[in-house]
Each structure stands twice: as C-alpha cells, then as structure tokens.
Amino acid sequence: MTEGGLALRLTEAIRKAVHDLYAVELDDIISTRPKKTSLGDAAFAVAFDLARSAKMAPRKIAEALASELGEIEGVQRIEVAGPGYLNFFLDRAAFIDGLIGGETAPKAPSTKVIVEHTNINPNKAAHIGHLRNAALGDTFVRVLRFLGEDVEVQNYIDDTGVQVADVVVGFLHIENMTQKDVERIEATGRFDYTCWDLYARVSGFYEEDRARLELRAATLKAIEEGNAPEAPLAAFIANAIVRCHLLTMDRIDVRYDLLPWESDILKLRFWDRAYQLLKDKGAIRLSTGGKNEGCWVMDVGNPSGKSPANATQPDTPDENNEPDENDEKVIVRSNGTVTYVGKDIAYQMWKLGLLDRQFGFVRFHDYTDPDGVVWSTTAGEPSADAPPFGRGERVYNVIDTRQAYLQDIVQRGVAHLASEQARDRSHHFSYEMVALTPQTCRELGFPVGPEDESKPYLEVSGRKGLGVKADDLLSSLEEKALAEVESRNPSLEPAESGDIANAIARGAVRYFMIKTTKNRVIAFDFAEALSFDGDSGPYLQYAAVRAAKILQKVDAPLEPPDRPDETQAVRRAFENVPEAEADDVWALIFAAAELSSVARAVVRTEEPAHVARFALGLAQRFNGFYHKYHIAGEEDPSKRALRLLAVQIFLREYRFALNLMGIPIPRQM
RNA sequence: GCGCCAGUAGCUCAGUUGGAUAGAGCGCCGGCCUUCUAAGCCGGAUGUCGGGGGUUCGAGUCCCUCCUGGCGUGCCA
C-alpha cells in the first residue's frame with residue numbers, strides 16, 4: 001500500500017539527479033520489475049533515454065546517476081546492471097513496516113462513478129455471454145470501490161424493445177394465450193426457460209410467413225403507447241424475467257443498486273425531451289426520400305471519428321451531394337416509435353446529470369441479507385426514502401463490442417446535446433462475445449452444418465435458442481464441485497458440502513469469465529470451463545484455504561500485526577535466515593504488495609483481467625513457498641517469525657484480490 | 001467496399017504507455033503424500049511471435065503493406 005509513496009520517492013530522486021547532472025527534465029520515469037529477483041526490486045531504464053542527448057554510453061550514465069543519487073530513504077542499495085539499467089534494492093524491513101503499518105496513500109477525492117452492466121433483454125434466460133458481461137462489470141465495480149470511488153451500479157432494462165415484443169407475439173399469436181394463462185405458467189417456475197424456448201420459436205413463426213412481421217411492429221407500437229393487451233403483458237413478462245435474472249446473478253454474487261426501465265424513460269417523457277433537443281440542435285433530420293423516408297435520422301458520415309466530418313471528398317463523386325443513406329442512422333422509425341439508440345441517448349444524458357428530468361424510485365427486490373436491496377425507476381408513486389441516483393461524474397457502459405457502432409452514435413448524440421467534454425465522461429467499456437465451439441454445439445444437441453464445422457466458433461443466438469444458459473452452467477459446476485468435495489471430505493455434513501460446492505462453482509465461473517483479456521472472443525468449451533486445475537478459480541481458492549489453514553494450525557491471527565513496531569526484529573530476522581530463504585520470503589511479500597498498483601492499472605486500462613493474472617501469479621508463488629517452507633514444525637524463531645509474517649501479508653492482500661473478482665474463499669476444500 | 005478486433009509452444013491464452021535469456025495453464029515424459037490439505041509441488045521437451053518492409057542502442061510491442069479469421073456497417077438490440 002505504501003508502495004505508491006515509495007515509487008514517488010524513487011522517481012523524484014531520479015528526476016533530480018538527471019536534472020542536476022544533465023540539465024534534462026524527464027516527465028515520465030517508469031519503473032519496471034527486473035526479470036530476476038537477484039537483479040533487484042525496481043529497475044529504471046532512464047540511462048538509455050539520455051544516451052543520445054548526452055552523447056555518452058548508457059552504462060556510463062547509469063553509473064554517474066547511481067553515485068549522484070546517494071542515499072534514499074527506503075533504498076538499501078543501487079546497482080548498475082547490463083547495458084545500463086539502474087537497479088534498486090529496497091530496505092526490506094522498512095518496506096514491510098510501511099506495508100503493514102497502514103501508511104495509506106492519500107485517496108483522490110471521490111467522485112461519483114456510474115457503471116452500467118448486465119443489461120439483458122428481459123425476454124429469456126441469461127446465457128454465458130451475459131455472465132461475462134456481469135463478471136467483467138462487477139469486477140470493475142469492486143476495483144473502483146477498492147480504490148475509494150463512490151460507485152453506483154445500474155442494470156438497464158430494455159423492456160420496450162423488439163425482443164420483448166417478440167415473446168409477446170409468441171404468447172398471443174403462437175400459443176394463443178391470454179395474460180391470465182401466461183401468469184399461470186409463470187407461477188409454475190422457470191419462466192425464463194419457458195420464454196427462451198418460445199423466443200426461439202418466434203423466429204420460425206416469422207419465417208413461415210413474412211407478413212407476420214407486421215405483428216411485431218404493431219406489438220411494439222402498442223407497447224410503446226400503453227395499449228392492451230400487449231402493453232400489460234409485456235410489462236408482466238419483463239418484470240418476471242428480470243426477477244429471474246436477479247436470482248441468476250445473485251448466484252455469482254453480482255448485485256445492482258438500480259434498475260432503470262426503458263419504459264419509464266418513455267412514460268416520464270425523458271425521450272420526448274431529448275427528441276425535442278435533438279431536433280432543436282439540428283442533430284437529427286426528417287428523411288424525405290429513399291429507404292428511410294419518414295424517419296428521423298442522424299448523419300453519421302464519419303463513423304467513429306470524433307471530429308465532425310472532415311469534409312474530405314466522398315468516394316462517389318457522381319452523387320451530387322445527395323446524402324448517402326448508408327451514412328444515416330434511424331433514430332425515430334417512420335411509424336413514430338423510437339429506436340434503442342434514441343432511448344439510450346436520453347438515458348446517457350440522465351446518467352451524466354445533463355437532462356432536466358428525474359425518475360421516481362421504488363424498492364424492487366430485497367435480498368436475503370438485511371441491507372441487500374435493488375431499487376427500480378418508476379413512473380408511478382415514488383418512495384420517499386430513495387437514494388439520490390444518477391448524476392455521475394464518470395459513466396462506464398459495459399456493452400459488448402458488436403454495439404460499438406451504436407455506442408458511437410449514442411455518444412455523438414450526447415456531444416450534440418451537451419458537449420464534447422460530456423461525451424468524454426462516458427466510456428464504452430467494450431468486450432468481446434462468448435461464442436460456442438462446434439463441439440459444444442453438438443454437445444447441446446444443435447446440428448452443426450458442414451460449413452459451420454470448419455469455423456473456429458459459432459455465435460450464441462437467443463433468436464435460434466442456441467446458447468448455454470447461465471443457470472445450467474452454474475448447476476453443472478456445482479454438481480461437479482459437490483462430487484469433488486464429498487470425495488475429499490466424506491465426513492462433512494451435506495449442507496456444509498453444498499455451501500463449499502457453491503463457493504467453488506462461483507469461483508470457477510467468475511474466474512473463467514475474467515481471466516481472458518476482454519477484447520478476445522471466448523470460444524466456450526465445457527471441459528475448459530469445468531476445469532478445477534491450474535489456471536482456474538478453484539486453484540486460486542485452494543491457495544487461500546491453505547494459507548488460512550496454516551495460520552489456524554499455529555494459532556496465529558489472519559492479519560499481520562497492525563502496529564509494526566518490530567522493524568528491528570524483522571530486520572534481524574532477515575539477517576538471521578539463509579539468504580535464499582530471505583529472498584523467497586521477500587519475493588512473496590513484495591509480489592503481494594503490488595495489489596494496489598494492479599487495481600489502478602485495471603481502471604486505467606479498463607481491463608479486469610489484470611487482477612486475474614496478478615492473483616494467479618501470486619497463488620503460484622505462494623504454493624511454491626508453501627511446499628518449500630513449513631511453519632508448524634519450524635523451531636528456529638527467526639525463520640518461523642519471518643515465514644509467518646509472509647503468509648499473513650500474502651493472505652491479507654490475496655483475500656482482497658479474490659474479493660475484487662467476487663471469488664469467495666471456502667472454509668475448507 | 002469501409003470500420004473495429006484478433007493471429008505468440010500441439011491446444012487455450014499472458015506478455016505491465018519499446019528493455020535484460022518471450023512466459024503460464026492444459027496435454028506429454030520423469031519424480032514427490034508418516035512433517036501446515038496432492039484441486040498441490042519439483043524437474044524435462046516444445047517457438048519462422050501470420051509474411052514482408054521500416055523506425056532505433058534495442059521491436060512480440062511503434063509505423064507502412066500484404067495475408068488469414070471474426071464481428072460491425074438493420075426502421076433489431
């Protein structure tokens with residue numbers, strides 16, 4: 001934790017030395033970690049940067065800098081290595097002293113950050129792609145909170161889109177059901193699975209007779225205008241499905257502060273307000289001809305470009321300045337209904353505190369624990385004790401990369417209505433999809449055609465009903481984990497085994513969804529997802545369980561001593577153990593101490609996988625240490641004290657790391 | 001066509017705003033349970049970092065170009 005302050009001391013010292021010797025101001029001085037611990041704890045390559053301007057060999061410069069630097073608090077010695085690295089060896093005892101003493105770096109004044117994630121269409125069961133979204137989003141939220149940010153988590157409910165309309169069409173026109181019928185079915189349970197199957201059948205229903213697409217359009221309009229029977233049925237379905245999703249996500253410990261409903265954006269006239277502003281600012285125009293005739297459209301001639309159309313000559317000069325229909329995006333359809341993009345512009349504006357409208361809020365769902373509550377927007381009677389939702393300084397939208405084009409248009413809308421600065425406060429936190437290997441498709445019983453066979457992966461399709469449901473995956477994991485737990489611990493009570501198995505399943509799936517870099521497609525494979533060995537959640541959990549077991553065995557507290565008044569004792573202990581062991585102890589502690597900088601890197605790069613890599617590396621290091629050095633049977637007091645301290649520090653930081661990923665630590669495994 | 005992403009060991013992937021001998025997991029071979037849990041540890045084999053140019057003390061990383069694959073470019077989201 002203090003490593004931030006130490007790093008600052010080092011860079012400042014180097015900056016001063018470089019200034020004094022070469023009269024050069026270096027703005028970024030980057031510390032890297034040497035490949036081998038024998039090369040020190042922090043390395044600087046500044047000598048290479050200076051070589052040209054100083055017209056000297058890097059090695060000479062590094063040597064000059066090393067002697068100029070002299071004594072630095074917290075640094076034991078400085079070495080010049082290789083072609084010109086400056087390698088710093090830290091004062092280990094002092095570092096540990098600061099680490100456990102809680103000399104916390106001053107936290108930035110916290111600003112409100114809104115993270116929007118999950119956002120599943122409320123018309124079917126959640127699938128593995130949604131698990132990736134939720135795991136990424138929730139990890140990011142936990143990291144932000146760890147760093148002291150004030151975070152509000154929103155799960156946007158698109159209850160007025162085509163997807164819900166399709167299921168309404170399915171119930172009304174395929175099943176010929178009334179709302180009462182649907183309510184009876186819902187009461188029997190697994191409503192999200194029922195809708196999953198029905199939704200898949202709707203596609204076929206349209207394909208049999210394309211004229212039936214009129215039903216979808218009419219249904220959508222009826223929902224938007226609040227007409228019976230479509231509107232109340234849609235509301236019932238969306239509400240019931242959202243409750244299913246909340247339970248599914250609670251299984252992996254993902255929760256939300258607020259559910260903003262798209263229907264409330266319409267009912268409370270957020271959209272009407274944004275629509276008026278978009279027209280007033282000239283951001284959208286009525287298309288008077290061509291395929292988009294009668295629609296309100298936004299011109300998007302320069303996709304993804306931040307500056308408005310650089311006015312370079314178009315590739316098709318034969319079109320005499322006629323706007324290209326491919327360069328316009330429909331915001332309001334010719335029948336007057338608004339697309340998702342339009343509604344999202346209004347929603348983004350509200351999140352940024354830039355729309356002069358406010359929702360009402362009501363409690364939506366209580367979790368079993370006392371303070372677990374999810375709020376919801378409402379167009380009805382609001383609750384008086386609702387928290388002040390909205391008005392984010394920064395907004396992250398966790399949405400898959402296939403929607404990058406739409407997100408770009410939403411952001412253009414925000415820039416039009418507010419400013420470029422407002423747009424920059426909103427981030428599209430984009431990630432790649434979870435696809436299925438052809439093998440997985442076959443295992444699910446879906447026929448794989450010859451042309452799909454050669455593909456690396458196939459896209460999940462809710463429309464076709466092709467996908468692995470989140471609850472099914474979790475149940476498979478729990479089943480496998482339970483079998484393992486029972487075979488390893490036959491004497492456990494069934495309830496106990498069940499709790500442990502659930503924790504393992506949760507750890508496995510959360511780690512699986514986080515460990516791969518977010519912009520890489522995950523080709524889902526059951527065998528890989530169900531693995532409990534090596535680079536997996538259970539491996540990480542196992543290390544924590546072992547560490548806790550040691551401390552329990554020797555009757556030591558889980559935390560290192562909170563007042564490190566024993567710097568001298570630690571220093572002596574380091575001197576009294578063999579050098580190789582001292583290095584191993586130090587390597588474990590120093591690695592664990594990187595947690596904070598890893599957390600900052602996660603936010604800076606919007607990449608949660610960094611925590612996963614960090615935790616894996618730390619677990620591997622601990623497991624090696626665990627096998628090499630024992631505590632319970634050790635009689636040498638210096639060795640014992642140092643090893644104990646290392647395990648305590650490791651466990652403290654490691655538990656934070658697992659918690660950032662929402663990976664629970666079972667009591668035993 | 002245009003835009004975005006990806007190409008690293010047999011497979012799945014890391015690789016920290018350019019840095020020291022390119023790393024993990026799985027799989028394979030060989031060891032380790034009377035000492036804190038073997039979901040583990042130790043050792044071994046495995047590389048045209050897609051191809052070609054360029055930038056420089058130094059390139060898997062930056063630039064150009066080509067190839068391959070995926071996604072986007074809907075009055076779906």
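Convention: sequence-line order gives letters A, B, ...; per-chain numbering from 1.
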Answer yes if the ring centres of Tyr156(A) and Tyr347(A) are under 6.0 angstrom apart, and no otherwise. yes
Sub-4.0 Å heavy-atom contacts from residues 155-168 of chain A onto RNA chain B, ordered by number: Asp158(A), Val162(A)
Base, sugar-phosphate, or nothing: which does Gln620(A) touch, judged by heavy atoms less than 4.0 Å apart? sugar-phosphate
Can you check the Lys124(A) NZ to A77(B) C1' distance for me, whole Å? 9 Å
Nearest heavy atoms of Ala615(A) and Leu658(A), plus distance in Å: CB-CD2, 4.5 Å
Among G72(B), C26(B), C36(B), which nucleotide has an atom closest to any side-chain atom of Asp533(A)? C26(B)
Starting the side chain at C-beta, find the nucleotide from C71(B), G40(B), G25(B) nearest to His627(A). G40(B)
Got Asn623(A) and Tyr539(A) here, is their nearest side-chain heavy-atom distance under 4.5 Å? yes
Please step through side-chain contact (heavy atoms from CB on, under 4.5 Å) for the pair Glu486(A) and Ile500(A), ending with a clear verdict. CA-CA 10 Å; Glu486(A) 285 176 341; Ile500(A) 295 170; over 6 Å; no
Ile500(A) CD1 to U37(B) C1': how many Å, rounded? 12 Å
Within this structure, what is the CZ-to-P distance between Phe625(A) and U37(B), rounded to whole angstrom? 16 Å
Less than 4.5 Å apart, any side-chain heavy atom of Gln541(A) and any of Ile663(A)? yes
Could you tell me whether Ala217(A) contacts a base, only the sugar-phosphate backbone, or nothing, with contacts defined as non-hydrogen atoms closer than 4.0 Å? nothing
Nearest listed nucleotide, side chain of Ile550(A), among A14(B), U37(B), C36(B): C36(B)
Does Lys35(A) contact U21(B) through a side-chain donor or acceptor facing the base, at a distance under 3.5 Å? no
Proximal nucleotide (of A77(B), G40(B), A20(B)) relative to the Ala81(A) side chain: A20(B)
Hey, does Thr517(A) reach any base, or is it just sugar-phosphate, or nothing, if we go heavy atoms under 4.0 Å? sugar-phosphate
Rounded to whole Å, please give me the gap between CG in Leu616(A) and P in A24(B). 11 Å
NA contact type, Leu551(A), heavy-atom cut-off 4.0 Å: base, sugar-phosphate, or nothing? nothing
Looking across every strand, which nucleic acid part, if any, lies under 4.0 Å from Val485(A) by heavy atom: base, sugar-phosphate, or nothing? base
Charged tip of Lys518(A) within 45° of Phe429(A) ring normal and under 6.0 Å: yes
What nucleotide among C75(B), U73(B), A38(B) has an atom nearest to a side-chain atom of Arg546(A)? A38(B)
Mind calculating the distance between CZ (Arg667(A)) and C1' (U37(B)) to the nearest angstrom? 16 Å
Sugar-phosphate, base or nothing in reach of Val647(A), heavy atoms under 4.0 Å: nothing
Assign Thr401(A) to base, sugar-phosphate, or nothing according to its heavy-atom contacts below 4.0 angstrom with the strands shown. nothing
Heavy atoms only, 4.0 Å cut-off, all strands: where does Gln668(A) land among base, sugar-phosphate and nothing? base
NZ/NE/NH1/NH2 to OD/OE distance under 4.0 Å, Glu432(A) and Arg520(A): no
Anything below 3.5 Å on both distances counts as a pair; with that, list the stems of at least three consecutive Watson-Crick or G-U pairs involving RNA chain B. B:1-7 with B:67-73, B:10-13 with B:23-26, B:28-32 with B:40-44, B:50-54 with B:62-66
Is Arg520(A) close enough to G7(B) that one of its side-chain N or O atoms is under 4.0 Å from OP1 or OP2 there? yes
At 4.0 Å (heavy atoms only), tell me whether Asn87(A) reaches a base, stays on the sugar-phosphate, or touches nothing. base
Run the numbers on Asp158(A) and Gln163(A) for side-chain contact (heavy atoms from CB on, under 4.5 Å), then give the verdict. CA-CA 9 Å; Asp158(A) 178 7; Gln163(A) 307 226 16; 6.0 Å; no
I want to confirm an ordering. Mapping Ala619(A) and Ala632(A) to their closest nucleotides on RNA chain B, which one lands closer to the 5' end? Ala632(A)
Once you apply a heavy-atom cut-off of 4.0 Å, does Tyr457(A) come out as touching a base, just sugar-phosphate, or nothing? sugar-phosphate
Tyr405(A), nearest nucleotide to its side chain (from A14(B), A77(B), G72(B)): G72(B)
So Tyr629(A), base contact, sugar-phosphate only, or nothing? Heavy-atom distance under 4.0 Å. base
Nearest-Å distance for atom pair CD1/P, residues Ile399(A) and G72(B): 16 Å
Which part of the nucleic acid, if any, lies within reach of Lys36(A) when heavy atoms closer than 4.0 Å are counted: base, sugar-phosphate only, or nothing? base
If you measure from the Lys or Arg side-chain nitrogens to the Asp or Glu carboxylate oxygens, is any gap between Arg285(A) and Glu328(A) under 4.0 Å? yes
Salt bridge flag under 4.0 Å for residues Arg643(A) and Glu581(A): yes
Looking at the side chain of Lys329(A), which of G74(B), U12(B), A14(B) is the nearest nucleotide? G74(B)
Can Asp636(A) and Arg640(A) be counted as an ion pair, charged N to O under 4.0 angstrom? no
Determine the contact category for Glu293(A): base if any of its heavy atoms lies under 4.0 Å from a base atom, sugar-phosphate if only primed atoms, P, OP1 or OP2 are that close, otherwise nothing. base
Quick check for you: among C75(B), A14(B), U37(B), whose closest atom lies nearest to any side-chain atom of Val545(A)? U37(B)
Rounded interatomic separation in angstrom, taking OH from Tyr85(A) and C1' from G18(B): 10 Å
Closest to the side chain of Asn623(A), out of C41(B), A38(B), A20(B), is C41(B)
What nucleic acid atoms does Ile331(A) come within less than 4.0 Å of, heavy atoms only: base, sugar-phosphate, or nothing? nothing
So Thr11(A) and Leu26(A), do their side chains get closer than 4.5 Å, heavy atoms only? no
What nucleotide among C75(B), C5(B), C57(B) has an atom nearest to a side-chain atom of Thr339(A)? C75(B)
Atom NZ of Lys549(A) and atom C1' of A38(B) are separated, to the nearest Å, by 14 Å
What pairs with Arg216(A) under salt bridge (charged side-chain N to carboxylate O under 4.0 Å, His left out), at least two apart in sequence or on another chain? Asp166(A)
Position toward the 5' end of RNA chain B (nearest nucleotide), Met433(A) or Gly633(A): Gly633(A)
